[in-house]
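Each remark here refers to the structure printed beneath this line.
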Amino acid sequence: MILDIVSYPDPRLKTVCTPVESVNQGLRLLADNMLETMYAAPGVGLAAPQVGRFIRMVVVDYSSKEEVRMPRVLINPQLELQGELIVSEREGCLSVPMGYRANVQRYSRIHLTARDLDWNLIDEELENFPAIVVQHETDHLDGVLFIDRISRLKRTFFDSKVKKWMRKQKNTA
Ligand code: NI
């Protein structure tokens, strides 16, 4: 089932999400639906708060080949930021309207620990694009969007565009 995606400036996106304590059928179904929603968008990651569920779970697929899907579910992800600061070019987000993209500084390497849907421990190092995707999605669990990581000037400009865009949506609805 494709879920509705919560869009900025909805204040719910600022929620700090709570840890998942155990996996049940409902959580598995949510993960399935989040993956379906992510692929349909299409996107490379989706966090639970983006579909109105304020728990620490994200789904990602940072495989570059479109014909081979590599869906992953990360529960309670914890990151140790390593490596150097790199520019994540033209980052976007399914919750940020108008297809807005901007360069964001991210770490080139992370040490990720998380649980999967069988509650197995995930403990690995990720680099470059996979590391960037997981940083972006984990940010969502702390109520942080990529537009919170751009310059104040760019953000002000973007916010004024969003306001105009929202007025237009209202007038045409
Ligand atoms: Ni996002």
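When a ligand or atom number is given, it counts from 1 through the structure's own listing order. Just so you know, these numbers use all the heavy atoms, side chains as well, and skip hydrogens, waters and symmetry mates.
- Here the SG-CG distance, from Cys17 to Asp142, works out to 8.0 Å after rounding to the nearest 0.5 Å.
- Relative to the ring axis of Tyr39, Arg69 places its NZ or CZ within 45° and under 6.0 Å from the centre.
- Side chain of Asp118 to main chain of Asn120: no donor-acceptor pair is present (N/O by atom type, distance under 3.5 Å, no hydrogens or angles).
- The side-chain heavy atoms of Ile86 and Asn128, taken from C-beta on, include a pair separated by under 4.5 Å.
- Only protein N, O or S atoms were considered, and those under 2.8 Å from the Ni ion (ligand 1) are Cys93 SG, His136 NE2, His140 NE2.
- Results of the side chain to side chain contact (heavy atoms under 4.5 Å, CB included) test with Val51 over Asn33, Leu94, Asp4, Leu46 single out Leu46 as the only residue that passes.
- Remark: Pro9 engages Val162, Met166 in a side chain to side chain contact (heavy atoms under 4.5 Å, CB included) (not counting sequence neighbours).
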